[in-house]
Amino acid sequence: MRVRDIVLIAILSATITASKMALSFIPNVEIVTLLFIIYTIVFGFKKVIFVSIIFSTTEIFLWGFNTWLLGYYIIWPLLVILTNVIGKTTESEYSFALLAGIFGLSFGLFFAITESLFYGLGFGITYWIRGLLFDIVHGFSNFILVLILFKPIKNVIEKQSERFI
Amino acid sequence: MNKKTIVVIVALLVAIALVFGYQTFLSPEAELGAKEVEIQIVNQKENIEENFTYNTDDEFLVDLLEKNKDELGVEFEDSDFGMMVTTMMEYEADVDKQEFWLIKVNGEDAETGVSEIPLKDGDKYKFELSNF
């Protein structure tokens, strides 16, 4: 790994954490998913998988250690892996919008599963049902954001990356 | 309108329908899953004041009482009006002395019997020996 790659990974991680904080005032509307998808397509799986791990670790520094943060170490790298798999077959923003949408919708379910490992199934089911409304907001806002912003942001980042690399 | 605009509008409509559906069907009267509730038993006559905290999956107060029957020393009577609590902490309310167990939910007199009181997270259920 070259020094340039290390710097790039650091910058990408910083932008993702910053973008999450910038939109944190709207519950469950985020561009973290969008950025992870675009970064994976533009910079490739090998670099962005590190970004997802750094992002998850930074979240622990920001919010303190919590059971749900452990899930971050699974769910964000998983998104990068899925994007990489889908990106090999298609470049259509509709596929990525669908991925982001399903990702957002199943966010609560995923954490319900990890939380029930700690607190029991009853807690997990309550957690999931109580959070369904947020999952709906998360999934559909993800779908719309990726559908509209994927192409323009990808173009900008591709141009910048050519200059950088 | 181009294709993308239509897709976005459809997505928005579906989202609104789902939110509406959630609020209509999935906001249950009784809370599912785990909750923490408090039960307080007060019997001034016998100088008893006991507090219990439970983590439970039960939906109604009667289920919780049934499960912790021994600890709470509770007994019911199935009357025409539903389940009625007759005994708490082994003390049976004496009808001849106009005694009964008054149930309060978060400080308010309960309007229904224990089978119709849904358990809610953080709620406090008080059983107080009273006279009618």
Side-chain angles (χ1 to χ4, degrees), chain A residues 26-30 33-34 67 91-109 111-113 115-154, chain B residues 1-39 52-69 71 105-106 115 117-125:
Chain A
I26 321 173
N28 276 28
V29 177
E30 43 98 351
T33 311
L34 170 76
T67 48
E91 280 266 299
S92 154
E93 67 263 45
Y94 285 93
S95 319
F96 295 121
L98 213 59
L99 169 67
I102 294 167
F103 182 78
L105 280 177
S106 49
F107 215 75
L109 180 64
F111 283 99
I113 293 168
E115 293 287 289
S116 45
L117 296 178
F118 292 101
Y119 304 112
L121 193 65
F123 183 86
I125 293 170
T126 316
Y127 183 96
W128 182 55
I129 294 183
R130 290 285 123 183
L132 265 180
L133 217 52
F134 290 101
D135 286 334
I136 294 169
V137 174
H138 194 184
F140 282 87
S141 68
N142 257 0
F143 176 82
I144 293 167
L145 280 170
V146 172
L147 196 61
I148 297 171
L149 294 175
F150 179 76
K151 268 195 177 161
I153 294 188
K154 184 179 147 256
Chain B
M1 270 198 291
N2 66 28
K3 191 176 155 199
K4 213 176 264 185
T5 320
I6 295 168
V7 173
V8 168
I9 291 168
V10 170
L12 276 175
L13 290 176
V14 173
I16 290 165
L18 282 174
V19 168
F20 182 75
Y22 177 90
Q23 280 170 344
T24 323
F25 301 110
L26 274 173
S27 303
E29 281 276 291
E31 240 178 279
L32 289 170
K35 36 204 168 269
E36 194 182 84
V37 298
E38 214 177 292
I39 287 184
F52 302 91
T53 306
Y54 292 108
N55 285 298
T56 176
D57 286 337
D58 294 330
E59 284 181 50
F60 292 96
L61 186 54
V62 67
D63 305 317
L64 181 68
L65 295 177
E66 194 80 61
K67 269 189 198 156
N68 301 284
K69 224 174 168 172
E71 191 182 5
V105 180
N106 294 327
S115 344
I117 297 176
L119 291 174
K120 291 208 180 98
D121 192 31
D123 271 4
K124 197 171 171 179
Y125 307 94

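Just so it is clear: chains get the letters A, B, ... in the order the sequence lines come, proteins before strands, and each one is counted from 1.
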Answer yes or no: does atom CZ of A/F134 have more than 12 heavy-atom neighbours from other residues, nucleotides or ligands under 6.0 Å?
no
Just wondering, more than 12 heavy atoms not from B/K4 lying within 6.0 Å of its NZ?
yes
For chain B, which of A/I125, A/L147, A/L121, A/V137 has the most heavy-atom pairs under 4.5 Å?
A/L147
Nearest non-hydrogen partners of B/A15 and A/I136, listed with the distance
O-CG2, 4.0 Å
Is the shortest side-chain heavy-atom distance between B/Y22 and A/I129 below 4.5 Å?
yes
Residue A/L133 versus chain B: region with a heavy atom under 4.5 Å
both
So which part of A/Y119 gets closer than 4.5 Å to some heavy atom of chain B, the side chain, the backbone, both or neither?
neither
